[in-house]
A.B. asks: 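To start, I am sharing the structure in question, which I have written as structure tokens.
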Amino acid sequence: MSQYQQDIDNFATLKAAQNGTWEGINPEFAARMKVQNRFKTGLDIARYTASIMRKDMAEYDADSSQYTQSLGCWHGFVGQQKMLSVKKHQGTTSKSYLYLSGWMVAALRSEFGPLPDQSMHEKTSVSALIEELYTFLRQADARELGDLFHKLDDAKKNGGDVAAIQAEIDNYETHVVPIIADIDAGFGNEEATYLLAKQMIEAGACCIQIENQVSDAKQCGHQDGKVTVPHEDFLAKINAVRYAFLELGVDEGVIVARTDSLGAGLTQKIPVSTSEGDLAAQYNAFLKTTEVAGVEDLTEGDLVLKQGGKLVKPERLPNGLFRFKDNTGFDRVVLDCVTSLKHGADLLWIETEKPHVGQIAEMVNAIREQVPNAKLVYNNSPSFNWTLNFRQQVFDAWSEEGKDVSGYDRAKLMSADYDDSELAAAADEKIKSFQADAAREAGIFHHLITLPTYHTAALSTDNLAKGYFGEEGMLAYVRGVQRQEIRQGLACVKHQAMAGSDLGDTHKEYFSGEGALKASGEDNTMNQFDV
């Protein structure tokens with residue numbers, strides 16, 4: 001017996017025990033509503049999706065072609081449409097996640113208006129967006145299951161294949177998938193990190209990404225001026241997130257430790273070393289210093305460290321920050337990653353300045369010498385000029401091979417003049433295979449684009465506005481939007497149904513019977529799209 005049928009029987013038994021006071025309740029309708037609301041709380045979602053993510057991580061360890069992907073979404077509707085599309089075109093939601101970008105929350109969801117990615121937005125807007133995303137995904141489930149229940153009723157009425165439709169209901173694949181959620185640098189101290197992590201998990205997050213920048217001086221990973229914190233500070237925040245998962249019963253919760261050290265040249269403070277070679281000493285060894293022979297080498301307020309039996313003075317900027325030695329980013333990244341994995345992190349995020357498989361692989365290989373199963377979440381960032389980067393990579397490779405590149409100007413390879421060239425075609429093939437190549441060669445378990453839907457919203461709106469306010473008028477919308485929705489089978493073309501009108505009508509029938517005042521019917525213009 002299916003769970004659906006068990007629920008019908010259970011509700012029928014419960015109704016019979018009410019001495020006739022529940023005559024207005026139909027056990028099958030109640031069972032349908034229960035199926036349509038599979039996840040009762042955000043914690044149900046977090047536990048379910050955490051188990052999926054752990055399974056996917058194990059499968060990737062066994063076969064690197066089994067990597068996962070996501071697109072950053074800044075609104076519940078955007079996330080819903082993304083997962084509807086994935087399920088429609090791929091036939092499954094497997095290995096497709098959601099990503100919540102702190103950059104997009106700052107730029108698009110703050111009551112202050114657009115803000116830079118510097119943790120200036122309201123931190124509660126992060127957990128609010130997680131809850132919103134899952135509300136929309138649950139509604140997508142309810143809408144599709146509602147359509148299946150209507151098909152079931154029609155099959156029962158007209159002698160259709162009831163068993164086949166019931167099997168679709170019993171084996172329905174949810175749109176609810178894991179979310180990797182950006183907590184920035186924790187929005188404060190470790191207690192603040194713990195409190196926000198709890199709220200994010202309660203909203204449904206099974207995976208929290210945290211970075212090793214200073215919380216109150218945080219910068220976008222693709223901008224200058226990044227300041228990192230000592231390992232002890234960062235590990236305290238990793239512990240805070242883990243405690244939040246454990247307290248809420250999400251034992252399989254996933255922590256992504258992000259390091260910005262490749263591009264960060266500053267630290268806010270010098271940690272205290274208590275024994276030779278400890279974490280603090282390793283961190284301090286990267287500081288840019290000058291040797292001190294005596295007090296005459298010091299000025300008022302200077303700091304002095306003992307390193308390797310010598311006295312050294314760390315270079316301090318006018319703002320009080322300390323500078324790292326040049327060309328130490330690689331080694332600091334490796335130390336950051338190994339330390340994080342050995343102290344509770346599950347996955348790594350290395351912020352790079354370009355999408356280059358070889359560069360990423362070199363760092364990952366160094367990390368795997370100490371932690372063999374190290375895996376990355378990688379930002380396929382819109383901050384990279386992908387076209388120019390990969391055309392230059394091909395140009396450089398061809399140059400090394402001795403191939404004639406005299407017909408190309410390396411500095412101008414972004415030019416549209418090269419779009420139909422052999423080099424551009426080769427670069428596009430490298431872009432196409434980048435994710436599979438990096439998963440195989442550079443340990444990348446999860447590929448994401450942080451803010452693609454920010455750019456798609458801008459591009460699609462620009463195209464519509466250009467035509468609509470120009471010579472095309474209404475044709476710009478009809479030909480560029482509505483007709484494409486119809487031709488490509490987007491459920492959203494019936495926007496009333498997508499917004500819940502049909503679900504509401506069904507509920508009204510449940511609650512009011514034949515007296516229900518429904519929005520659907522002959523005069524509903526959505527019927528024009530049944531073509």
Side-chain angles (χ1 to χ4, degrees), residues 69-93 96 98-99 101 104 107-109 113-114 129 132-133 135-148 150-151 154 175 382 386-387 416 419-420 428 431-432 449-508 517-531:
Q69 299 169 294
S70 67
L71 296 174
C73 299
W74 55 273
H75 192 279
F77 176 73
V78 175
Q80 179 195 62
Q81 295 306 302
K82 186 194 87 169
M83 293 315 304
L84 286 170
S85 176
V86 168
K87 192 173 179 181
K88 178 178 74 173
H89 294 294
Q90 305 301 321
T92 179
T93 60
S96 298
L98 295 172
Y99 180 66
S101 160
M104 285 207 289
L108 297 170
R109 298 300 298 253
L129 179 53
E132 178 181 292
L133 283 161
T135 296
F136 273 78
L137 293 184
R138 291 162 65 194
Q139 192 258 17
D141 285 357
R143 187 183 61 81
E144 286 193 356
L145 283 163
D147 290 343
L148 286 173
H150 284 304
K151 289 181 181 178
D154 289 342
H175 293 89
W386 286 77
T387 301
D419 283 354
D420 296 324
D428 283 351
I431 294 171
K432 182 179 179 181
I449 308 178
T450 41
L451 36 142
T453 51
Y454 176 91
H455 292 281
T456 55
L459 179 61
S460 61
T461 302
D462 179 78
N463 287 334
L464 174 59
K466 177 176 63 177
Y468 179 75
F469 293 102
E471 296 181 358
E472 293 181 70
M474 191 59 191
L475 181 60
Y477 173 76
V478 172
R479 181 166 60 192
V481 181
Q482 188 179 80
R483 193 178 297 162
Q484 294 305 313
E485 289 180 308
I486 295 170
R487 297 287 185 257
Q488 296 179 38
L490 266 69
C492 198
V493 72
K494 293 188 175 184
H495 48 260
Q496 305 285 17
M498 184 61 65
S501 180
D502 289 357
L503 274 174
D505 279 355
T506 299
H507 289 163
K508 290 174 185 177
L517 181 63
K518 299 189 293 183
S520 59
E522 292 183 4
D523 293 331
N524 189 324
T525 60
M526 288 293 98
N527 296 330
Q528 296 174 21
F529 297 95
D530 293 329
V531 292

A.B. asks: T93 and V86: which non-hydrogen atoms are nearest, and at how many Å?
C.D. replies: CA-CG1, 4.2 Å
A.B. asks: Nearest 0.5 Å, what's the NZ-OG distance between K82 and S96?
C.D. replies: 7.0 Å
A.B. asks: Can you tell me how far apart OH (Y99) and CG (L451) are? Round to the nearest 0.5 Å.
C.D. replies: 9.0 Å
A.B. asks: Going from CG on L464 to CZ on F469, what distance comes out if it is rounded to the nearest 0.5 angstrom?
C.D. replies: 8.0 Å
A.B. asks: Provide the closest heavy-atom pair for S101 versus T450 in the form atom of the first, atom of the second, distance.
C.D. replies: CB-O, 3.4 Å
A.B. asks: Within a reach of under 6.0 Å around NZ of K432, are more than 12 heavy atoms found that belong to other residues, nucleotides or ligands?
C.D. replies: no
A.B. asks: Can you name the nearest heavy-atom pair linking C73 to L129, along with the distance?
C.D. replies: O-CD2, 3.9 Å
A.B. asks: What's the shortest heavy-atom distance between A476 and G467, and which atoms?
C.D. replies: CB-C, 3.5 Å
A.B. asks: Rounded to the nearest 0.5 Å, how far does CD of Q80 lie from CZ of R138?
C.D. replies: 13.0 Å
A.B. asks: Could you walk me through whether T453 and H75 satisfy the side-chain contact (heavy atoms from CB on, under 4.5 Å) test, starting with their C-alpha distance in whole Å, then the side-chain angles of each, then the deciding distance to 0.1 Å, before giving a yes or no?
C.D. replies: CA-CA 9 Å; T453 51; H75 192 279; over 6 Å; no
A.B. asks: If we ignore hydrogens and angles and just use 3.5 Å, is the side chain of Q139 paired with the main-chain N or O of M498 as donor and acceptor?
C.D. replies: yes
A.B. asks: Taking the side chain as everything from C-beta on, heavy atoms only, tell me whether L490 gets closer than 4.5 Å to K88.
C.D. replies: yes
A.B. asks: Going through the checks in order, is the side-chain contact (heavy atoms from CB on, under 4.5 Å) test met by I449 and H455?
C.D. replies: CA-CA 11 Å; I449 308 178; H455 292 281; over 6 Å; no
A.B. asks: Could you measure the distance from the CZ atom of R483 to the CD atom of Q488? Nearest 0.5 Å is fine.
C.D. replies: 13.0 Å
A.B. asks: Hey, is CG on D420 packed in by over 12 heavy atoms from elsewhere, all under 6.0 Å?
C.D. replies: no
A.B. asks: How many angstroms lie between atom OH of Y477 and atom CD of Q482, to the nearest 0.5 angstrom?
C.D. replies: 5.0 Å
A.B. asks: Taking all non-hydrogen atoms of both residues, which atom of I431 and which atom of W386 are closest, and how far apart?
C.D. replies: CD1-O, 3.9 Å
A.B. asks: State, yes or no, whether a side-chain contact exists between L84 and R143 at a heavy-atom distance under 4.5 Å.
C.D. replies: yes
A.B. asks: Kindly determine whether H175 and K87 satisfy side-chain contact (heavy atoms from CB on, under 4.5 Å), including the steps that lead there.
C.D. replies: CA-CA 8 Å; H175 293 89; K87 192 173 179 181; 3.5 Å; yes
A.B. asks: For Y454, look at atom OH and say whether over 12 heavy atoms of other residues, nucleotides or ligands are found less than 6.0 Å away.
C.D. replies: no
A.B. asks: Report yes if some heavy atom in the side chain of C492 is under 4.5 Å from a heavy atom in the side chain of Q81; otherwise report no.
C.D. replies: yes
A.B. asks: Please test V78 against T456 for side-chain contact (heavy atoms from CB on, under 4.5 Å), starting from the C-alpha separation and ending with a verdict.
C.D. replies: CA-CA 11 Å; V78 175; T456 55; over 6 Å; no
